[in-house]
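Below you'll find the structure, written out as structure tokens, and then a few comments.
The chains referred to below are lettered A, B, ... by the order of the sequence lines, with proteins before strands, and numbering in each begins at 1.
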There are 2 protein chains.
Amino acid sequence: MADVPPEPDELNTGLLLFVAYRAMENRIFAALERAGFDDFTLAQARVMQRIGPDGTRLTELAESAQVTKQTASHLVDQLERTGYVRRTPDPTDARARLVRLAERGVAAQPVAAAVLAEVEDEWRAHLGERRWRQLREALASLREITDPYR
Amino acid sequence: MADVPPEPDELNTGLLLFVAYRAMENRIFAALERAGFDDFTLAQARVMQRIGPDGTRLTELAESAQVTKQTASHLVDQLERTGYVRRTPDPTDARARLVRLAERGVAAQPVAAAVLAEVEDEWRAHLGERRWRQLREALASLREITDPYR
DNA sequence: GACGGTCGTCAGAACCTCGAACTAATCTGG
DNA sequence: CCAGATTAGTTCGAGGTTCTGACGACCGTC
């Protein structure tokens with residue numbers, strides 16, 4: 001958690017990841033806001049983006065977003081109240097409930113996807129196709145040893 | 001903010017960055033905790049890690065950590081109270097004050113640096129030297145267009 | 001020396017996050 | 001088939017984080 005660059009001018013890898021991550025997140029969040037989806041927060045978005053097309057269990061959302069179940073539950077409460085998601089029973093397990101995108105959530109999805117693609121295109125243009133591929137590939141590989149949820 | 005993978009099984013880049021970033025952060029935070037530095041929070045650490053060897057202005061800390069000045073000020077308050085940092089006057093500007101690592105902060109630094117190096121070594125081993133270099137290089141290049149601070 | 005801009009703080013409110021404790025449903029071994 | 005262990009999710013309450021807005025002090029310049 002301290003800056004002791006092993007080689008001059010090289011930022012530590014955690015910070016490098018953070019900068020890029022936040023840039024992406026901020027871009028998408030800002031675009032959604034401009035498109036009229038201004039009634040949710042970043043924390044809510046971080047959970048919402050992980051909902052799969054067929055719904056996702058709360059516990060699964062919590063794990064992949066790296067928050068506790070309580071936090072996830074709380075955020076889903078809010079998202080439900082503002083019409084972005086809906087809780088439905090899980091047919092395979094009466095204890096569980098599937099969180100699904102509701103009308104407003106479905107409407108926001110293409111906006112988010114468009115900006116995501118736009119930013120990725122910008123990054124690809126900046127890096128060049130080859131280095132972009134390498135970056136994606138390295139990150140995906142890293143995920144094998146860094147993703148506790150996976 | 002939605003998952004519409006352009007190609008099957010490919011996670012969106014924001015999520016890939018997030019996973020790796022959080023893995024690094026959690027590792028370092030946990031190691032510090034084990035080493036007895038258990039009286040500060042993740043938010044405080046995010047600010048503390050950006051303090052340079054000669055001290056850093058509050059505004060600068062806020063910008064690079066991407067929080068408001070008020071938030072940074074609040075976190076520095078706490079860090080000062082627990083002996084990790086100290087506020088000293090900036091000789092070049094009487095309005096400003098330099099935030100510097102205090103005794104406890106200096107003690108924590110090598111622990112953090114060691115784990116950082118350890119994790120980077122693990123990642124390098126997993127990816128292989130070549131892909132590791134490519135990852136670092138791509139992230140550093142990306143920073144040119146994603147870092148609002150620098 | 002007056003002006004606009006910058007550095008940092010204070011105060012207040014909203015929000016996020018977690019630990020503990022709980023209900024309900026599932027699973028497992030005898 | 002049923003008692004105990006486990007898992008899904010919720011509620012409650014406390015503490016931490018973050019922002020907006022307003023402010024006093026200081027800088028640089030004209």
Residues in salt bridge (Lys or Arg N to Asp or Glu O under 4.0 Å) contact with B/Arg124, at least two apart in sequence or another chain: B/Asp121, B/Glu129

Does the B/Arg50 side chain pair with the main chain of B/Ser64, one donor and one acceptor, at a distance under 3.5 Å? yes

Say you draw a straight line from CZ of A/Arg97 to CG of A/Leu58; how long is it, rounded to the nearest 0.5 Å? 9.5 Å

D/dG9 C1' sits how many Å from A/Asp77 CG, rounded? 11 Å

Going by number, which of residues 60-76 of chain A have a non-hydrogen atom under 4.0 Å from DNA chain D? A/Lys69, A/Gln70, A/Ser73

Do any N or O atoms of the protein come closer than 3.5 Å to N or O atoms of nucleotides 24-27 of chain C, and which pairs are they?
unit_1 : atom_1 : unit_2  : atom_2 : d
C/dT26 : OP1    : A/Ala94 : N      : 3.2

Atom-to-atom span, CZ of A/Phe29 to C1' of C/dC15 - whole angstrom: 12 Å

Distance col, row A/Arg57:CZ vs A/Leu98:CG, nearest 0.5 angstrom, shows 7.0 Å

Answer yes or no: does a side-chain N or O of A/Thr59 lie under 4.0 Å from OP1 or OP2 of D/dG9? yes

What class does the angle between the rings of B/Phe18 and A/Tyr21 fall in, given that below 30° is parallel, 30 to 60° is tilted and above 60° is perpendicular? tilted

Please answer whether the main-chain N or O of A/Gly128 pairs with a side-chain N or O of A/Arg133 as donor and acceptor at a distance below 3.5 Å. no

Checking A/Leu61, A/Val47, A/Val85 against A/Leu75 for side chain to side chain contact (heavy atoms under 4.5 Å, CB included), the one that qualifies is A/Val47

Whole-Å gap separating C1' (C/dA14) and CG (A/Leu42): 15 Å

Is there a donor-acceptor contact under 3.5 Å from the side chain of A/Asp147 to the main chain of A/Arg143? no

Gap between atoms CD and P, on A/Glu33 and D/dC19 respectively (whole Å): 13 Å

Just the rounded figure in Å: distance from P of D/dG16 to CD of B/Gln44. 9 Å

Phosphate OP1/OP2 of C/dC16 contacted by A/Gln78 side-chain N/O (<4.0 Å): yes

Separation of D/dG16 P from B/Arg46 CZ (nearest whole Å): 16 Å

Separation of atom CG in B/Leu98 from atom P in C/dC7, rounded to whole Å: 12 Å

Quick one: B/Arg57 CZ to D/dA25 C1', roughly how many Å, whole number? 14 Å

Going from CZ on B/Arg27 to CG on B/Leu116, what distance comes out if it is rounded to the nearest 0.5 angstrom? 10.5 Å

